[in-house]
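In this text the structure is predicted, and so the values were computed from the model without any measurement. Every chain is numbered from 1, with letters handed out A, B, ... down the list of sequences.
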Amino acid sequence: MSQHNEDYEKSELYRIRHSASHVMAEAVIEMFPDARVAIGPAIEDGFYYDFDLPRSLTPEDLEVIENRMKELIKSKENFVCQEVSADDARKLFKDQPYKLELIDGLEHGNLDEDGNPTQDKQKISIYTSGNFVDLCRGPHVETTGQINPTAIKLLNVAGAYWRGDEKRPMLQRIYGTAWESKDQLKEYLWKLEEAKKRDHRKLGKELDLFSSNDEVGQGLILWHPNGGMIRYQVERYWDEQHIRNGYDLVYTPHIGKASLWETSGHLGFYKENMYSPIQIEEQEYYIKPMNCPFHLHIYKSQLRSYRDLPLRFAEKGTVYRYERSGVLHGLLRVRGFTQDDAHHFCRPDQMPDEIDFTLNFSMNMLRAFGFTDFQAYLSTKPEKSVGEDIMWHDAEVALEETLKRMGVPYEVDAGGGAFYGPKIDLKVKDALGREWQLSTIQFDFNEPERFDLSYIGEDGKEHRPYMVHRALLGSMERFFGVLIEHYAGAFPVWLSPKQVTMIPIADRHNDYAHEVAARLKKAGLRVIVDDSSDRMNAKIRNAQKQKVPYMLVIGDREMEEGQVALRRRSGENPGPMSVEAFLELALREIEEKI
RNA sequence: GCCGGCGUAGCUCAAUGGUAGAGCAACCGCCUUGUAAGUGGUAGGUUAUGGGUUCGAUUCCCAUCGUCGGCUCCA
C-alpha cells in the first residue's frame, strides 16, 4: 500500500466518509427494515454501502435517503465503539447473513472485511450510531455532527457482487461523496461535470472523430476522417521515433494456425479471450489476440549471434480479444484494437540497460503528447509462475533499479506479476489529474522457452535470450480516448485534424481565401475554406466548436494588403499579418508540438 | 456475463393507450456581412428489432440488439 493511501486512511476526511456511509445505511434501514447490509467503506472521493434490498432503488429513493441522512446528521448521533466476542457479535447480527460471514472470517483470524488474508487475528468491534449498529473496525468521527450536511451527496446506484464474486449474490451499491466543506463538494461536482464535458464518447461524436455501429458490432471502432488524421499523425511520430531508436518495424498477419497458439501457450492460458477458430482447408486458424508469437518466429527465422542483440521488433499490431459485453467502454475498452507493440530480445548482461532504455523511451514518447506526470507500478513474481527463480530475481531487480535511476515514483505490487514474468505498468496523469494506464513493460520467461529461442554466444554455445514485451501507448484506441479527454478535444496543432479554417467575410473574398488556402496546403497545413453563405460570426462559431486552432479572417483589408487576420481558438486575436508570417508561426508551433 | 437505467428525424431533446413535435444540421432562396448563431421556405421518423396484450401500441408486457452507471476483468 502506498504512503498516499496510508495518509488518507488516517485523515479526518476518511473518517467523515466512512461515517457518512454508516449514516446512509441507517437511513436505508429505516426505509427498508428488512434490508440486509454488506459492507460500506470510504473510497477515493467518497464512500459506498452495499445492500440486499427487496426492490431496486430509484433516483427518487436516493433523494429521500440523502435528505434523511441530513436529518440524522443534524441530530448529532454519537459513534460508540465496543469490542465484542464473536459469539456476541453473532447474536447481534443474527438476521444479517453477510455480517455473519464477515464475523466468521474475523474470528478465524485470516480474513479481513474485504475477504483478504491477514496475519493478525482480528479483534471484533462494533460501532453504534443512533439506531444503527454495524460490525466495523472504524475509525469514525465522534459524532455525526462532524459531518457537514451541506457537503454530502449521493451519486448513483449500481449492482455489485457480494465480495466481488460473480458467483455470489448481486447487491445494490449506493455511491456517495462527502467533503469537509460545501465548497469542496462544489469543486468535486464541478470536476465531475468537467469530466463529462471531456468524455471522449461525447467529443468523438461532436468532433466527428470515430463511431461504433450496431450492425458492425460492439467494441469495434470506426475511425472517421478526423480521427484517422490524428491517428496518422500519432503513428507517423511513433514510427519515426522507433526507427531512430534502434527498432525494426515488422508486419504480421491477423490469423495464425492453431498449432502456433498451442506452442505459444495461448490456447492453454488465454483461450477465454480468443475468438472461435476459422476452418481453412482442414486447418484451424485463430484471429490473433497478441502479436508475440509472430515476432518470435521472425526472431527464429535465422540464427542469431550475441553480436546481433539487442533486437527490437516493433509493430502496430491489430488484435482481437473477446471481452464480456458489459465491460466495453467507448475507446477505452474494445474488442478489436491496435497495440503499439514491440518485443526486445537481449543478452542477460544487456538487460539492465535495455530496461533503462525502454522506460526512458516510453516516457519520452508520452511527453510528446503532453503527459508529464508519471506513476509506475512494479509487479513481482506470483505464486504460480514459470521460469527460474534467478531470472525472476534478476529481472525484478533490474526493473526496480531502473525506476530508482529514473526517479519515477512507484509502488510495488508484490505477487502481482503475470505467471510468465514481472512487469512495470506506467500510468500518466491527465489535465484533470486522472490516472490512465498506458505503458506496460513485461518480461516473458515463457515464450522464449516454448519457441526454443536462442542465440550463439561468444563461447560458441547456444544461449536463451531475455525477452521483453512492451506497449508504450498501450493501444491506439485507448490512447486516442485518453488523448481526447486530456486535451478536451482541443488537440495541439500538430495533431489537429483541421489546422486552419479560412473565413472569408463576403463572397468577394472567397477566391482570395482559396488562393491563400492553396499556399498553406502546399506548405503542409491542413486547411479548409468556409465559403458557405453563413455570416462571419457563424463561421467563427462553427470553427470554434470544431476546436480548429487557427481561424484566418479575410475581408477587404486583408485582400488589399495580401494579409490574413489570425484568430486563435483560445479567443486570442493577434490580428492581421502577412501570409508568410502566419505560415512561419504555424510551422513553428507544429514543430514545437504546441 | 451479472444488477439497474435508457433507445423517438443526422444531432440535442419534447409528447401521448387513439394518425409523432421543436431547435440545430441538411437542401432551396434572400442578405454580402469585421471576431461565437442574419433571414424565409422545403424536406426528413414503420418511435432500435421481433413477438404479445388491446378495437387500437410509439406508449403496457416479453425477448433480442445496442447503449449508459457499476461489479468482475483488462491494452
Between A:Arg569 and A:Gln544 the two heavy atoms that sit nearest each other are O-NE2, 3.0 Å
Taking B:C74, B:G34, B:G70 as options, the one with an atom nearest any side-chain atom of A:Ile505 is B:G34
Does atom CD of A:Glu63 have more than 12 heavy-atom neighbours from other groups under 6.0 Å away? no
So, is A:Arg201 close to the B:C68 phosphate, meaning a side-chain N or O under 4.0 Å from OP1 or OP2? yes
The nucleotide from B:C2, B:A36, B:C73 with an atom nearest the side chain of A:Ile540 is B:A36
Identify whether any heavy atom of A:Ala160 sits under 4.0 Å from a base atom; if not, whether one sits that close to sugar-phosphate; answer base, sugar-phosphate or nothing. sugar-phosphate
Of B:A36, B:A75, B:U35, the nucleotide closest to the side chain of A:Gln339 is B:A75
Separation of B:U33 atom P from A:Ile554 atom CD1, nearest Å, is 16 Å
### Query
Counting any heavy atom closer than 4.0 Å, what does A:Gly474 reach on the DNA or RNA strands: base, sugar-phosphate only, or nothing?
sugar-phosphate
Same-atom distance (C1') from B:G10 to B:A26, integer angstrom: 8 Å
Is there a donor-acceptor pair under 3.5 Å between the side chain of A:Lys99 and the backbone N or O of A:Ala38?
yes
Looking at B:U32, does its base get a donor-acceptor pair with the side chain of A:Arg508 below 3.5 Å?
no
Closest to the side chain of A:Tyr161, out of B:U35, B:G70, B:C71, is B:C71
Per atom distances to the A:Asp556 side chain, the nearest of B:C73, B:A36, B:G34 is B:G34
A:Lys545 atom NZ is separated from B:A25 atom C1', nearest whole Å, by 9 Å
note: A:Asn273, atom CG; B:A75, atom P; distance rounded to Å ~ 9 Å
Below 4.0 Å: OP1/OP2 of B:U12 and any side-chain N or O of A:Lys205: yes
query = Does a distance-only test, which skips hydrogens and angles, find a donor-acceptor pair under 3.5 Å between the side chain of A:Asp507 and the base of B:U32?
reply = yes
*Within the structure shown, what part of the strands sits under 4.0 Å from A:Gly555 by heavy-atom distance: base, sugar-phosphate, or nothing?*
base
| message | Need one value for A:Val319: base, sugar-phosphate or nothing, where a base atom within 4.0 Å counts as base even if backbone is also close, heavy atoms only. | response | nothing
Which part of the nucleic acid, if any, lies within reach of A:Glu323 when heavy atoms closer than 4.0 Å are counted: base, sugar-phosphate only, or nothing?
base
If pairing means Watson-Crick or G-U wobble with both distances under 3.5 Å, then the partner of B:C31 is none
Base of B:G70, side chain of A:Tyr48 - is there a donor-acceptor contact under 3.5 Å?
no
note: A:Tyr377, atom OH; B:C74, atom P; distance rounded to Å ~ 16 Å
Which part of the nucleic acid, if any, lies within contact of A:His509, taking any heavy atom under 4.0 Å across all strands shown: a base, the sugar-phosphate backbone alone, or nothing? nothing
The nucleotide from B:G1, B:A75, B:U33 with an atom nearest the side chain of A:Arg333 is B:A75
Please classify the nucleic acid contact of A:Ala565 as base, sugar-phosphate, or nothing, using heavy-atom distances under 4.0 Å. base
Whole-Å P distance, B:U47 and B:U42 | 24 Å
* Asked: If you draw a 6.0 Å radius around NZ in A:Lys153, do more than 12 non-hydrogen atoms from other residues or ligands fall strictly inside?
  -> no
Whole-Å distance, A:Asn537 CG to B:U39 P, equals 12 Å
Inset, instruction - Take atom P in B:G41 and the same atom in B:A48, then report the distance between them in whole Å. - result: 30 Å
Subject >> Under 4.0 angstrom between A:Thr440 side-chain N/O and B:A75 OP1 or OP2 >> reply: no
At under 4.0 Å between heavy atoms, what does A:Arg173 touch on the DNA or RNA strands: base, sugar-phosphate, or nothing? sugar-phosphate
Using OP1 and OP2 only, check whether a side-chain N or O of A:Arg470 sits under 4.0 Å from B:A75.
no
**Prompt:** Between B:A9 and B:G21, how far is it from one C1' atom to the other, in whole Å?
**Reply:** 10 Å
*Is the backbone N or O of A:Pro293 less than 3.5 Å from a side-chain atom of A:Ser264, with the two atoms forming a donor-acceptor pair by type?*
no
Paired to B:U64 by Watson-Crick or G-U wobble criteria (both distances under 3.5 Å) is B:A48
To the nearest angstrom, the CG-C1' distance between A:Asp534 and B:A25 comes to 11 Å
Re B:A14: Watson-Crick or G-U wobble partner, both distances kept under 3.5 Å, found to be none
- request: With P as the reference atom in both, quote the distance from B:C30 to B:U49 in angstrom, rounded to an integer.
  value: 40 Å
*asked:* Using a heavy-atom cut-off of 4.0 Å across all strands, would you classify A:Ser325 as base, sugar-phosphate, or nothing?
replied: base
**Request:** If the plane angle is over 60° it's perpendicular, under 30° parallel, otherwise tilted; pick one for A:Tyr550 and A:Phe582.
**Result:** perpendicular
Please report the distance separating the P of B:G7 from the corresponding atom of B:A15, rounded so that it comes out in whole Å. 11 Å
Quick one: sort the A:His200 and A:Phe210 rings into parallel, tilted or perpendicular, breaks at 30° and 60°. parallel
- Item | Phosphate contact (B:G69 OP1 or OP2) by A:His329 side-chain N/O below 4.0 Å | yes
| field | A:Arg567, CZ: over 12 other non-hydrogen atoms inside 6.0 angstrom | value | yes
Original post:
Is A:Gln544 touching bases, backbone alone, or none of the nucleic acid, heavy atoms closer than 4.0 Å?
Top reply: base
Atom CG of A:Asp214 and atom P of B:U67 are separated, to the nearest Å, by 7 Å
Margin query: If stacking means aromatic ring centre less than 5.5 angstrom from the base's six-membered ring centre, planes under 30°, is A:Tyr175 stacked on B:G70?
Written below: no
From CG of A:Leu154 across to C1' of B:G69 the rounded distance in Å is 15 Å
| query | Taking the same atom, C1', in B:G29 and in B:G34, what whole-Å distance lies between them? | reply | 25 Å
Scanning all shown strands, the Watson-Crick or wobble mate of B:G1 with both distances under 3.5 Å is B:C71
- Message: Between A:His486 and A:Gly370 (side chain of the first, backbone of the second, donor and acceptor by atom type, cut-off under 3.5 Å), is there such a pair?
- Response: yes
Self-check item: Any A:Gln218 side-chain N or O less than 4.0 Å from OP1/OP2 of B:U67
Solution: yes
Paired to B:A20 by Watson-Crick or G-U wobble criteria (both distances under 3.5 Å) is none
By the Watson-Crick or G-U definition, both distances under 3.5 Å, B:U8 is matched with none
*asked:* Is it the case that the base of B:C2 and the side chain of A:Arg168 share a donor-acceptor contact (distance under 3.5 Å, atom types as modelled)?
replied: no
| query | Is A:Ala471 touching bases, backbone alone, or none of the nucleic acid, heavy atoms closer than 4.0 Å? | reply | nothing
TODO: Could you tell me whether A:Thr338 contacts a base, only the sugar-phosphate backbone, or nothing, with contacts defined as non-hydrogen atoms closer than 4.0 Å?
DONE: nothing
Discussion item. Is it the case that the side chain of A:Gln172 and the backbone of A:Asp50 share a donor-acceptor pair, with hydrogens and angles ignored and the cut-off at 3.5 Å?
Written reply: no
Q.
Applying a 4.0 Å non-hydrogen cut-off, can you work out what A:Glu558 is touching in the nucleic acid: base, sugar-phosphate, or nothing?
A. base
Exercise for the section: With P as the reference atom in both, quote the distance from B:U32 to B:U39 in angstrom, rounded to an integer. Expected result: 15 Å
Of B:G69, B:G1, B:A36, the nucleotide closest to the side chain of A:Val327 is B:G1
B:A26 -> Watson-Crick or G-U wobble partner, both distances under 3.5 Å, gives B:U42
